[in-house]
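Have a look at the structure below before the remarks.
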2 protein chains.
Amino acid sequence: MLELRLVQGSLLKKVLESIKDLVNDANFDCSATGFSLQAMDSSHVALVALLLRSEGFEHYRCDRNISMGMNLGNMAKMLKCAGNDDIITIKADDGSDTVTFMFESPTQDKIADFEMKLMDIDSEHLGIPEAEYHAIVRMPSAEFGRICKDLSSIGDTVVISVTKEGVKFSTRGDIGTANIVCRQNTTVDKPEEATVIEMNEAVSLTFALRYLNSFTKASSLSNTVTISLSSELPVVVEYKIAEMGYVRFYLAPKIEEDEEETKP
Amino acid sequence: MLELRLVQGSLLKKVLESIKDLVNDANFDCSATGFSLQAMDSSHVALVALLLRSEGFEHYRCDRNISMGMNLGNMAKMLKCAGNDDIITIKADDGSDTVTFMFESPTQDKIADFEMKLMDIDSEHLGIPEAEYHAIVRMPSAEFGRICKDLSSIGDTVVISVTKEGVKFSTRGDIGTANIVCRQNTTVDKPEEATVIEMNEAVSLTFALRYLNSFTKASSLSNTVTISLSSELPVVVEYKIAEMGYVRFYLAPKIEEDEEETKP
DNA sequence: TACCGATGTC
DNA sequence: GACATCGGTA
């Protein structure tokens, strides 16, 4: 028996909107610790890791560890039917092949339940090691989103270079080149407007903008984003979910090709 | 000679936006009583009835009963050219085959007149008997609209069931099932937020969501909607137009098929 | 199905 | 003026 009551239901709505385009089907894993998901994107290039800790739920009952395979598109459709102020409860009976989403309006005048079929999904639960990163950039999520969107109108890939002074995003395309530099800046009114760079070693890595743009759909979950970079490691783009956990996106860097090869 | 001056022109704009997708061509009937319309939708499944009483107009002159056939799409196009604060005057000379819409901006700085050709339309003016209904639900129009929209992302039809406690909207589709219950609730701040159920007999009827979703385009005309249900009778979905009349939509229930037949 | 543009609201 | 939502297009 599983029953998870999430007062701020809009969080779950936003999580699904942010990952459903990247991953079609995935297993949600539920344990005493929390509600989590880990899945490769459909082209097996990026990885999504979601964690909603049990403490973040108003009521959390999970009798035994359970893995529920869901089609994220269908799940998102159902969650769209919840109001942004609704309380969402996720329910599943032991051994059942369905999950129920219950939506309670703030006034309790309207109570909805949506039942969805579960599916069997081969899960490839990769343990993701906690790594040391050469550089960690924290910046406003809206700004990062804007940069990725802007650069993708010029080129397909972005080079992210971190030095002590700042982080540089560069691209190159048929119509020209673009460089955007964000300087470290902690003298701001609100802490979430800061751009903070922790750096042990300068790094410069190349990524496909297509994926970064998909990641930034999670911007509504948090005002800030954390980008953790190391040479030879996948970048981690993390959006914290207030009081509850995070959504993290992992993306392997492109191996820099010779200039000559990129322009055949 | 016909001359109807409507100070709150936005009402007419909204009326046309709400019915133009359902009905292509229709006769507007003008008499001393008011300005009205009654028409089947293009697939002859639903019926629209509009009444704007003469008292609601600032000036109302209608020398003799007249029926004016209009293409509602074209009429809506013209009305879109009126500002929301404009005063709209509808004019027609006796025996003319055109109608003129005049728009006066609130400041009188701008005066526009649009002339539209009338058309001959076979009208099938069905007398609609005032019936007794088993159950009448009054609820916020926005809420009803949201429910119809949400459910149509899951299924094609909705079962509306009324009991003393509340009204239940249910659907079923490929990805799962959904039930939304609205409880009777009269303890609200504003009367238009109430959900009120008058019930003589429990009813449970099935309707095509496609039509209900079309009806709810009239939600901007009124904060509340009234849904009148009886077994074997078309449902009536009514939006009152402040001080003037109403738009009513009629839709026949679907005859419930056996479970076996719906799942071939 | 995903992206982009336009519209309406706060 | 900015954000969010909705509708249309690719």
Side-chain angles (χ1 to χ4, degrees), chain A residues 8-26 39 41-43 45-46 48 70-86 140-156 158 173 175 189-190 192-193 208-225 239 249, chain B residues 9-11 13-14 16-18 20-22 73 76-77 79-86 140-154 173-175 209-210 212-221 223:
Chain A
Q8 199 179 341
S10 60
L11 288 182
L12 194 61
K13 284 168 63 92
K14 288 177 186 168
V15 164
L16 263 110
E17 283 308 307
S18 74
I19 64 177
K20 73 166 208 286
D21 294 340
L22 210 53
V23 180
N24 296 128
D25 306 306
D41 85 291
S42 7
S43 51
V45 173
V48 184
M70 306 198 200
N71 175 290
L72 299 191
N74 292 342
M75 182 176 172
K77 257 191 197 172
M78 290 194 164
L79 292 180
K80 271 193 183 157
C81 301
N84 280 325
D85 302 324
D86 283 4
S141 55
E143 188 166 342
F144 179 62
R146 177 67 195 261
I147 289 169
C148 293
K149 178 170 153 284
D150 284 350
L151 292 186
S152 62
S153 75
I154 311 291
D156 298 327
V158 60
I175 68 170
D189 295 345
K190 300 168 198 161
E192 66 260 31
E193 289 169 358
L209 279 164
R210 175 182 155 209
Y211 292 99
L212 296 182
N213 271 316
S214 191
F215 301 168
T216 60
K217 295 201 174 115
S219 296
S220 58
L221 282 166
S222 171
N223 289 322
T224 64
V225 61
Y239 298 86
F249 301 96
Chain B
S10 60
L11 288 182
K13 284 167 62 90
K14 287 177 187 168
L16 263 107
E17 283 309 307
S18 74
K20 71 165 208 289
D21 293 337
L22 210 54
K77 264 189 196 168
L79 292 180
K80 270 193 183 157
C81 302
N84 279 325
D85 302 324
D86 284 6
S141 55
E143 189 166 338
F144 179 61
R146 174 71 194 260
I147 290 169
C148 291
K149 175 171 153 285
D150 282 349
L151 291 187
S152 62
S153 77
I154 310 292
D174 292 341
I175 70 169
L209 280 164
R210 179 184 151 206
L212 295 183
N213 271 316
S214 193
F215 301 167
T216 59
K217 296 200 175 112
S219 296
S220 57
L221 283 164
N223 288 324

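Chain letters run A, B, ... following the sequence lines, proteins first, then strands; residues in each count from 1. Computed over heavy atoms, backbone and side chain alike; hydrogens, waters and symmetry mates excluded.
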### Query
According to a strict under-4.0 Å criterion, is A:K217 in side-chain N/O contact with OP1 or OP2 of C:dC3?
yes
### Student check: side-chain heavy atoms of B:S153 and A:C81 closer than 4.5 Å
yes
### Query
Whole Å only: how far is the CG atom of A:N223 from the C1' atom of D:dC3?
13 Å
### Task
Measure from CG on A:N213 to C1' on C:dC3 and round the result to the nearest Å.
11 Å
## Note on the structure
Separation of C:dC3 atom C1' from A:F215 atom CZ, nearest Å, is 18 Å
### Query
Rounded to the nearest Å, what distance is computed from the NZ atom of residue A:K149 to the P atom of nucleotide C:dA2?
19 Å
### Message
Do A:N71 and B:I175 have side chains that approach each other closer than 4.5 Å (heavy atoms only, starting at C-beta)?
### Response
no
## Note on the structure
From CZ of A:R210 across to C1' of C:dT1 the rounded distance in Å is 13 Å
### Message
Categorize A:N84 for me: base, sugar-phosphate, or nothing, with a 4.0 angstrom heavy-atom threshold over every strand shown.
### Response
sugar-phosphate
### Summary
Between CD of A:E143 and P of D:dC3 the distance, given in whole Å, is 13 Å
#### Entry: Worked check of side-chain contact (heavy atoms from CB on, under 4.5 Å) between A:L221 and A:V15
CA-CA 7 Å; A:L221 282 166; A:V15 164; 3.9 Å; yes
### Task
Look at all strands and tell whether A:K80 reaches a base, only sugar-phosphate, or nothing, counting heavy atoms closer than 4.0 Å.
nothing
### Query
Mind checking whether A:Y239 and A:F249 have parallel, tilted or perpendicular rings, split at 30° and 60°?
perpendicular
### Message
I need the CG-P distance between B:D21 and D:dC6, as an integer number of Å.
### Response
17 Å
